[in-house]
Amino acid sequence: MIPEAVQQDPVAAAVAARFPQAVAGGKLALGELTLEITPDKIVEVCRYLKHEETFVRLSSVTCVDWHPSEPRFEVVYHLHSTVRNLRLRLKARTGGAAPEIDSVTCVWRGAGWYEREVYDLFGVVFRNHPNLKRIMMPDDWK
């Protein structure tokens with residue numbers, strides 16, 4: 001459920017109206033909007049935000065490990081609308097023994113390196129990534 005303060009934000013309202021099943025929550029703190037997106041809708045929501053809401057820049061993709069909680073991993077996307085001078089944070093939770101989420105490289109090609117880093121350091125697999133391989137750790141690292 002989205003808190004009332006978040007519902008007042010025009011970007012949050014637009015995403016929630018377009019993808020009512022995708023928005024699992026959100027918060028507005030220190031002037032920064034964070035939306036929690038269900039992992040199965042992350043690509044659709046990102047595509048909408050880029051093409052309809054002008055969030056053309058992906059600043060970063062990172063991950064938080066909430067061990068021992070489940071879902072354990074929280075993949076975090078930082079978006080920037082240069083035209084509107086707005087920033088937006090998306091979070092998608094994934095977990096289990098083999099955490100997976102769809103790659104957003106089909107939306108922003110620059111996501112490739114960020115997703116590879118998350119894969120390498122956290123073990124989160126990005127489905128449909130064009131070149132998901134380690135960039136820092138040895139290939140046999142568990």
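When a residue number appears, it is its place in the shown sequence, counting from 1. FYI, side chains are in, hydrogens and waters are out, and symmetry mates aren't considered; it's all heavy atoms of this structure.
By the side chain to side chain donor-acceptor pair (under 3.5 Å) test, Glu32 is found to be paired with Arg89, residues two or more places apart in sequence or in another chain being considered. Listed by chain and number, the residues in a side chain to side chain donor-acceptor pair (under 3.5 Å) with Glu4 are Gln8 (sequence neighbours excluded). Residues forming a salt bridge (charged side-chain N to carboxylate O under 4.0 Å, His left out) with Glu36 (at least two apart in sequence, or on another chain): none. By the side chain to side chain donor-acceptor pair (under 3.5 Å) test, Tyr48 pairs with Glu53, sequence neighbours left out. Taking Ser103 as the reference, Thr105, Glu115 meet the side chain to side chain donor-acceptor pair (under 3.5 Å) condition, with sequence neighbours excluded. Asp40 is linked by a salt bridge (charged side-chain N to carboxylate O under 4.0 Å, His left out) to nothing, counting only residues two or more places apart in sequence or in another chain. Glu52 meets the salt bridge (charged side-chain N to carboxylate O under 4.0 Å, His left out) test with no other residue; sequence neighbours excluded. Not counting sequence neighbours, Arg116 has no partner by the salt bridge (charged side-chain N to carboxylate O under 4.0 Å, His left out) test.
Sorted by first and then second residue, the side chain to side chain donor-acceptor pair (under 3.5 Å) pairs with a member in residues 10-23 form an empty list; sequence neighbours excluded.
Remark: side-chain polar atoms of Lys41 are not paired, donor with acceptor, to backbone N or O of Phe19 under 3.5 angstrom. Here the side chain of Arg87 pairs no donor or acceptor atom with the backbone of His80 at under 3.5 angstrom. Formation of a donor-acceptor pair under 3.5 Å by the Tyr114 side chain with backbone atoms of Ser59 is found in this model.
Other residues, nucleotides and ligands contribute only 12 or fewer heavy atoms inside 6.0 Å of the CZ atom of Arg109. Within a 6.0 Å sphere centred on NZ of Lys27, other residues, nucleotides and ligands contribute 12 heavy atoms or fewer.
Here the shortest heavy-atom pairing between Val45 and Ala22 reads CG2-CB, 3.9 Å. What you find for Arg57 and Trp108 is that their closest heavy atoms are N-NE1, 4.1 Å. Scanning both residues, Ala16 and Val23, for their nearest heavy atoms gives CA-CG2, 4.0 Å. Of all the heavy atoms in Pro71 and Gly95, the pair that sits closest is CB-N, 3.8 Å.
The shortest side-chain heavy-atom distance between Leu35 and Val6 falls under the 4.5 Å cut-off. Between Leu90 and Leu49 the shortest side-chain heavy-atom distance falls below 4.5 Å. Residues Ile37 and Tyr77 have side chains not in contact (no heavy-atom distance under 4.5 Å, counting atoms from C-beta outward).
At a threshold of 4.5 Å between side-chain heavy atoms, the hydrophobic network of Ile, Leu, Val, Met, Phe, Trp and Tyr places Phe55 and Val83 in two separate groups.
Taking Ile, Leu, Val, Met, Phe, Trp and Tyr as members and joining any whose side-chain heavy atoms lie under 4.5 Å apart, directly or through other members, Val56 forms no hydrophobic cluster with any other residue. Its side chain within the 4.5 Å cluster rule, Trp66 clusters with Val64, Val76 among the Ile, Leu, Val, Met, Phe, Trp and Tyr residues.
Rounding to the nearest 0.5 angstrom, the gap separating the CZ atom in Phe122 from the CD atom in Glu117 is 8.5 Å. Distance check, rounded to the nearest 0.5 Å: CG of Asp120 to CH2 of Trp141 gives 10.0 Å. Rounding to the nearest 0.5 Å places OG1 of Thr94 at 6.0 Å from CD1 of Ile101. Once rounded to the nearest 0.5 Å, the distance linking CG of Leu121 with CG of Asp65 reads 11.5 Å. Taken to the nearest 0.5 Å, the OH atom of Tyr119 stands 11.5 Å off from the CD1 atom of Ile135. Note: Leu88 CG to Ser81 OG = 10.0 Å, rounded to the nearest 0.5 Å.
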Check residues 123-131 and write down every donor-acceptor pair under 3.5 Å in which the side-chain atom is one partner and the other belongs to a residue at least two apart or another chain.
residue, atom, partner, partner atom, Å
Arg127, NE, Asp102, OD1, 2.9
Arg127, NH1, Glu100, OE1, 3.0
Arg127, NH2, Asp102, OD1, 3.4
His129, ND1, Asn131, N, 2.9
His129, ND1, Leu132, N, 3.2
His129, NE2, Gly112, O, 3.1

